[in-house]
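Presented below is the structure to which this report refers.
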4 protein chains.
Amino acid sequence: MMARPKSNDKRRAILDAATRVIAAQGLSAPTATLAREAGISNGSLFTYFATKSELLNQLYVELKTEMAAALHGFPAEAPLREQVLYVWTNWMRWATTHPDKRRALALLAVSDDITPETRAVANRLMAGVTGLMERVRAGGPLREAPMPFVGAMLTSLAETTMDFMIHDPPNAAQHCAVGFETAWRAIG
Amino acid sequence: MMARPKSNDKRRAILDAATRVIAAQGLSAPTATLAREAGISNGSLFTYFATKSELLNQLYVELKTEMAAALHGFPAEAPLREQVLYVWTNWMRWATTHPDKRRALALLAVSDDITPETRAVANRLMAGVTGLMERVRAGGPLREAPMPFVGAMLTSLAETTMDFMIHDPPNAAQHCAVGFETAWRAIG
Amino acid sequence: MMARPKSNDKRRAILDAATRVIAAQGLSAPTATLAREAGISNGSLFTYFATKSELLNQLYVELKTEMAAALHGFPAEAPLREQVLYVWTNWMRWATTHPDKRRALALLAVSDDITPETRAVANRLMAGVTGLMERVRAGGPLREAPMPFVGAMLTSLAETTMDFMIHDPPNAAQHCAVGFETAWRAIG
Amino acid sequence: MMARPKSNDKRRAILDAATRVIAAQGLSAPTATLAREAGISNGSLFTYFATKSELLNQLYVELKTEMAAALHGFPAEAPLREQVLYVWTNWMRWATTHPDKRRALALLAVSDDITPETRAVANRLMAGVTGLMERVRAGGPLREAPMPFVGAMLTSLAETTMDFMIHDPPNAAQHCAVGFETAWRAIG
DNA sequence: AATGAATGAGAATTCATTCAT
DNA sequence: CATGAATGAATTCTCATTCAT
């Protein structure tokens with residue numbers, strides 16, 4: 001009758017468990033482990049996600065959604081640099097506050113299991129930020145470059161900065177600031 | 001008394017096959033597939049590499065060695081910018097000329113199978129370039145930042161640029177140039 | 001909520017199959033053969049026994065338990081010789097009635113897969129008989145010898161007698177009786 | 001041209017290595033290990049023994065031959081008890097002096113690889129002792145029992161005694177003596 | 001729906017034996 | 001003959017997915 005089974009709680013539990021387990025063990029973690037960690041039976045997992053691959057795709061979207069949410073709400077009136085700084089800071093905060101989610105997301109991003117459709121959906125989630133980036137690009141040195149290129153360059157600098165913040169917490173604030181300045185020089 | 005000496009050709013064949021297969025199917029490609037692709041039997045693979053993990057570690061070093069070789073030979077007298085441009089260009093050329101190697105290397109770089117020892121060895125291969133980067137950093141805006149951070153930022157921009165070059169060959173030259181300018185602004 | 005409960009029948013089927021197959025082919029019999037013989041799939045065997053080694057250990061305990069059960073119930077009031085004769089006779093009867101179990105048990109007893117813990121458990125099963133042996137020893141020529149030595153000597157005579165009974169059924173009763181007299185002379 | 005290849009030294013080296021390795025690792029020790037331990041190449045092993053099974057069979061005969069040699073030379077004039085004691089003592093000495101050989105022999109004795117033909121050959125080696133045993137039997141309580149039965153009973157007591165001597169060296173002499181008295185009571 | 005046992009197609013290795021050198 | 005690489009069948013164990021309860 002219903003495509004979506006009843007308990008959304010369980011769906012969440014599975015996705016949360018998957019985030020934790022994948023962060024710790026990688027994408028090859030057995031579905032049985034995910035189920036156990038979620039407190040359900042291994043069979044039940046497949047009433048919520050038809051295949052492991054589908055679970056991964058949905059998790060990718062969920063995590064990206066959450067991450068995107070953390071970036072939005074930037075002050076549209078402020079100078080561009082302020083806006084980007086706001087996004088950058090929130091991004092870094094989200095990543096360092098949720099290192100498991102960050103790691104799972106990074107693993108998923110390079111997985112062959114993630115379909116092009118899923119990637120398209122995920123990208124759309126960043127639309128708001130993409131709009132901001134668009135404005136940044138238009139007024140900066142990369143105004144001739146294609147938008148995806150600019151976005152990817154920024155993202156790669158952000159990811160790298162996150163890694164340093166996560167692995168070197170004492171200097172996290174420092175890394176965050178330097179990372180931003182670097183990124184701003186690159187594309188701002 | 002040498003019987004059939006352990007053929008270097010065969011070792012190469014395995015590593016080459018692994019590069020291809022891993023680029024296409026990922027690190028979880030069965031050893032049997034690697035063997036078949038290398039034109040040897042199942043069991044023979046293990047006379048050349050005791051475990052799959054060892055094969056991956058050696059492949060990582062091989063690929064990194066090759067990549068590093070492609071970057072070196074930059075003109076030590078020229079202005080720093082020239083030197084970096086030289087490295088950048090060669091790097092991009094190597095990556096776009098050998099997309100399989102590039103992809104395999106990228107997958108290996110994030111694999112849990114690669115040991116810290118192997119990573120240390122691989123890093124030492126880049127010593128020459130690291131020296132150049134050191135000089136760049138010292139004279140640029142990142143002079144206060146730790147060297148690994150600067151290296152990682154540059155690398156991430158390079159990787160991103162490569163991806164665009166590989167997936168959009170018509171504009172490869174363009175991407176290459178824009179990527180370099182962006183990187184130079186960021187850290188030069 | 002019990003789904004398919006882990007069937008005790010199936011566990012038994014595996015152990016029985018293992019007994020038969022091991023008696024016929026030795027301890028190196030493939031797990032796949034045990035599974036086939038038990039009428040289950042390859043993989044199912046491992047839901048009942050995590051490893052082949054664990055299966056062997058449990059089988060050892062099962063067989064020893066059964067054997068020990070066959071020995072007990074000797075008449076505590078009767079003269080020692082009567083009691084021992086009772087044990088001896090039951091022992092021989094069990095062995096000749098279940099030659100597969102006997103052979104499997106003999107193979108397991110000398111296997112490196114059987115852990116010290118398992119051996120300890122198995123020995124405890126013979127406690128009642130050991131008590132009897134203790135009384136026999138105390139009143140006989142071996143009263144100065146350590147108990148394990150006496151037990152081992154008796155066991156070895158019993159094992160030998162069994163072999164003859166099994167391989168020469170027509171004279172089994174004869175072997176049984178002569179074996180007992182010999183053993184009683186040795187330690188009674 | 002020649003059934004037997006040249007170097008008897010190598011044959012010996014292989015058999016000696018096999019004794020050591022099998023004592024330590026069991027009969028499933030790889031032929032490659034035996035070869036390495038013997039200081040030859042794995043391929044060479046098969047010019048001396050066509051199959052692993054043949055190697056095991058020959059080793060069994062060799063060890064049994066050596067053991068039999070250690071038992072012989074008993075004083076034919078002395079009283080039977082003296083003669084048996086002589087045999088028993090030499091047997092124990094050989095076993096405790098060469099625990100590897102003893103263990104390898106014990107493992108081989110229960111192996112399925114040993115053919116009936118080999119067993120027949122091995123038994124013939126004990127002919128001298130068997131003759132002595134025959135005389136013992138004829139004058140003792142087992143005069144009605146078949147000779148193989150008597151021999152097996154004695155052997156089992158001897159094996160058990162050896163085990164205790166080997167695993168409890170401080171009391172080896174004690175075990176040896178008690179074992180003999182027990183055996184003599186049983187069959188003398 | 002939920003459960004967890006059942007399934008069976010792999011996966012990485014191992015190893016006796018063969019064969020090119 | 002010696003060598004040791006080559007072979008490929010065999011082995012234990014894993015895991016996504018299905019299905020009986």
Nearest to side-chain heavy atoms of Lys10(C), which nucleotide of dA6(E), dA12(E), dA16(E): dA6(E)

What residues form a salt bridge (Lys or Arg N to Asp or Glu O under 4.0 Å) with Glu66(C), not counting sequence neighbours? Lys101(C)

Under the salt bridge (Lys or Arg N to Asp or Glu O under 4.0 Å) test, residues paired with Asp100(D) that sit two or more places apart: none

Any pair counted as side-chain hydrogen bond (donor to acceptor under 3.5 Å, both in side chains), so long as it reaches residues 16-34 of chain C, sequence neighbours left out: Arg12(C)-Asp16(C), Arg20(C)-Glu37(C)

Show me the dot-bracket string of DNA chain E, counting Watson-Crick or G-U pairs under 3.5 Å, with | for pairs to another strand and [ ] for crossing ones. .||||||||||||||||||||

For DNA chain F, which residues in residues 37-57 of chain C have a heavy atom at a distance below 4.0 Å? Asn42(C), Gly43(C), Phe46(C), Thr51(C), Lys52(C)

Please determine, by modelled atom types, if Thr118(C) and Thr115(C) share a side-chain donor-acceptor pair under 3.5 angstrom. yes

Comparing Leu27(B) and Ser28(D) on DNA chain E - which has the more 5′ nearest nucleotide: Leu27(B)

Does Thr31(A) put a side-chain nitrogen or oxygen below 4.0 Å from OP1 or OP2 of dC15(F)? no

Side-chain donor-acceptor pair under 3.5 Å between Thr47(B) and Ser44(B), yes or no? no

With Asp113(D) via salt bridge (Lys or Arg N to Asp or Glu O under 4.0 Å) - residues at least two apart: none

Let me know the distance between CG of Leu34(D) and C1' of dT17(E), rounded to the nearest Å. 14 Å

If I take atom CZ in residue Arg11(C) and atom P in nucleotide dG4(E), what distance separates them, rounded to the nearest angstrom? 20 Å

Arg36(B) CZ to dA6(F) P, in whole Å, measures 19 Å

Gln58(B) versus Glu54(B), side-chain donor and acceptor atoms under 3.5 Å: yes

Could you please spell out the steps behind the side-chain contact (heavy atoms from CB on, under 4.5 Å) verdict for Asn57(A) and Leu108(A)? CA-CA 8 Å; Asn57(A) 275 273; Leu108(A) 288 163; over 6 Å; no

